[in-house]
There are 2 protein chains.
Amino acid sequence: MAIKDKRQLIIEAATESFSLFGYKATTMDQVARLANVGKGTIYTFFENKEELFNEIVNTLISEMKRVAESTLDSDKRFFEQTNHVLYKILEFRKQHQLTIKLFQEGRDMGTPEVIGFMQRFEHTIIAYIKELLQKAIDKGEIKQCDPELTAFVMLKLYKSLIFDWELSRDPLEKEEIIRLFDLYFFEGLSI
Amino acid sequence: MAIKDKRQLIIEAATESFSLFGYKATTMDQVARLANVGKGTIYTFFENKEELFNEIVNTLISEMKRVAESTLDSDKRFFEQTNHVLYKILEFRKQHQLTIKLFQEGRDMGTPEVIGFMQRFEHTIIAYIKELLQKAIDKGEIKQCDPELTAFVMLKLYKSLIFDWELSRDPLEKEEIIRLFDLYFFEGLSI
DNA sequence: CAATGACCAAAACAACCATTTGGTCACTTT
DNA sequence: AAAGTGACCAAATGGTTGTTTTGGTCATTG
């Protein structure tokens, strides 16, 4: 059993526990027990609880980026790409157990470490959309606009449609959301 | 001194206190003291604390509606009207002491009565924009779309631009916001 | 010498008591 | 007698103190 294995064991145990109970409710004792290692061992691989957490969520964010990139298809029009990417990302967030749990914890308890993760998560998305926008502007596919601000607004709009709207009314279908995104953002409402 | 006067006195005192301290931190004793009436007197006019609160915020919401209507000018194009109305409303929210305090309390402490107010406040705005949209659609000024959903999304976008954006970057100028609203919502990004 | 778990200080929690608060009602004022 | 009042009450809230839990360490072990 090489060193890598123990480290991996700890990461897997911690991921399991963070997914089930969140950041605060996961104890280092619990992680040690789940990973079948002594508690001290964890501290030979990770500085502290927060570092262990960051290692895990960084992996998560990388995975998300990978998902986003895998949906790219430069044959498609810009708006279709953006749409797809945003949809995949928020689907990802909605389906991934760890992401669900952490976003819950951040909203309901405001755990600082978790809030930090949420910000990095969103920042990554915005940075990514920003790049797509910049390319589209350079190619002359869309109008001139502030890419950062536009990416920010796009994400907000998407989140509104997917998360906020269904708090008080019937949730929207995937096709519906794509259609709306196109209508509001690319075509515009004017005749 | 007629009955109306005492009632009014109580409402004014309560408004003052709600504006300064919010809903939870305002005590009925405090209101009685400020209004120079016995505590029991309050209960001859209002069922309980929540009713007193509702009386006051209903007035606030009416005022807001009045502000919105006063900005209407049917000569202007639809998007200019919407823009103006939304801007005035959120300015109102930003400047009115009571509104500021209550939205703070709702966000930071989650007081249920205050959350209720916030929802009614937003619902009123959405209902209003929805009407504007319906008229514009009927007149053929804008494309066919779900007026409720569109109103919802418009409000969200506006709030993002005014409140959320300046949490992490430089706040946007009024003219900037109007321009962006026009760009994203009416013209669209496509060439 | 990597791995461990008993150990520690600090934080979180629970139990207890004191204070505050929304609401009532017997009594006073007009 | 009708309107107005503030002492009073139960329930909620806040503060305090003692106990448990938890992140992190380190002397010991295999």
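Worth saying up front: this structure is predicted, and the values here are computed from it rather than measured. A note on names: the letters A, B, ... follow the listed sequences, proteins ahead of strands, and every chain is numbered from 1.
- Distance Arg33(B) CZ to dA7(D) P: 13 Å, rounded to the nearest Å.
- Contact check on Lys143(A) versus Glu187(B) returns a salt bridge, with a Lys/Arg side-chain nitrogen under 4.0 Å from an Asp/Glu carboxylate oxygen.
- Taking the screw axis at each terminus of the helix from dC1(C)-dG30(D) to dT30(C)-dA1(D) from five consecutive base pairs, the angle between the two is 10° to within rounding of 10 degrees.
- Between Glu55(B) and Arg7(B) there is a salt bridge, since a side-chain N of the basic residue sits under 4.0 Å from a carboxylate O of the acidic one.
- Looking at Glu176(A) and Arg179(A), a side-chain N of the basic residue comes within less than 4.0 Å of a carboxylate O on the acidic one, giving a salt bridge.
- Under 3.5 Å, the side chains of Thr150(B) and Tyr184(A) contain a donor-acceptor pair of N or O atoms.
- Counting heavy atoms from C-beta outward, Leu167(A) and Phe163(A) have side chains that stay 4.5 Å or more apart.
- A sub-4.0 Å separation between OP1 or OP2 of dA3(D) and a side-chain N or O of Thr44(B) is absent.
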Please tabulate, one pair per line, each protein N/O and nucleotide N/O from nucleotides 18-23 of chain C that are separated by under 3.5 Å, including the distance.
{"from": "dG22(C)", "atom 1": "OP1", "to": "Thr26(B)", "atom 2": "O", "distance (Å)": "3.1"}
{"from": "dG22(C)", "atom 1": "OP1", "to": "Lys49(B)", "atom 2": "NZ", "distance (Å)": "2.9"}
{"from": "dG22(C)", "atom 1": "OP2", "to": "Met28(B)", "atom 2": "N", "distance (Å)": "2.7"}
{"from": "dG22(C)", "atom 1": "N7", "to": "Lys39(B)", "atom 2": "NZ", "distance (Å)": "3.2"}
{"from": "dG23(C)", "atom 1": "OP2", "to": "Tyr43(B)", "atom 2": "OH", "distance (Å)": "3.2"}
{"from": "dG23(C)", "atom 1": "OP2", "to": "Lys49(B)", "atom 2": "N", "distance (Å)": "2.7"}
{"from": "dG23(C)", "atom 1": "N7", "to": "Lys39(B)", "atom 2": "NZ", "distance (Å)": "3.0"}
{"from": "dG23(C)", "atom 1": "O6", "to": "Lys39(B)", "atom 2": "NZ", "distance (Å)": "2.3"}

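- Using a 4.0 Å cut-off between charged nitrogen and carboxylate oxygen, Lys159(B) and Asp164(B) do not count as a salt-bridge pair.
- In this structure, Ile42(A) places its CD1 atom 11 Å from C1' of dT4(C), rounding to the nearest Å.
- Rounded to whole Å, atom P of dA2(C) lies 12 Å from atom NZ of Lys6(A).
- For the residue pair Tyr158(B)/Asn83(B), the side-chain donor-acceptor check at 3.5 Å is satisfied.
- Taking atom CD1 on Ile10(B) and atom C1' on dT5(D), their separation rounds to 12 Å, with Å as the unit.
- Leu20(B) forms part of a hydrophobic cluster together with Phe21(B), judged by ILVMFWY side-chain heavy-atom separations under 4.5 Å.
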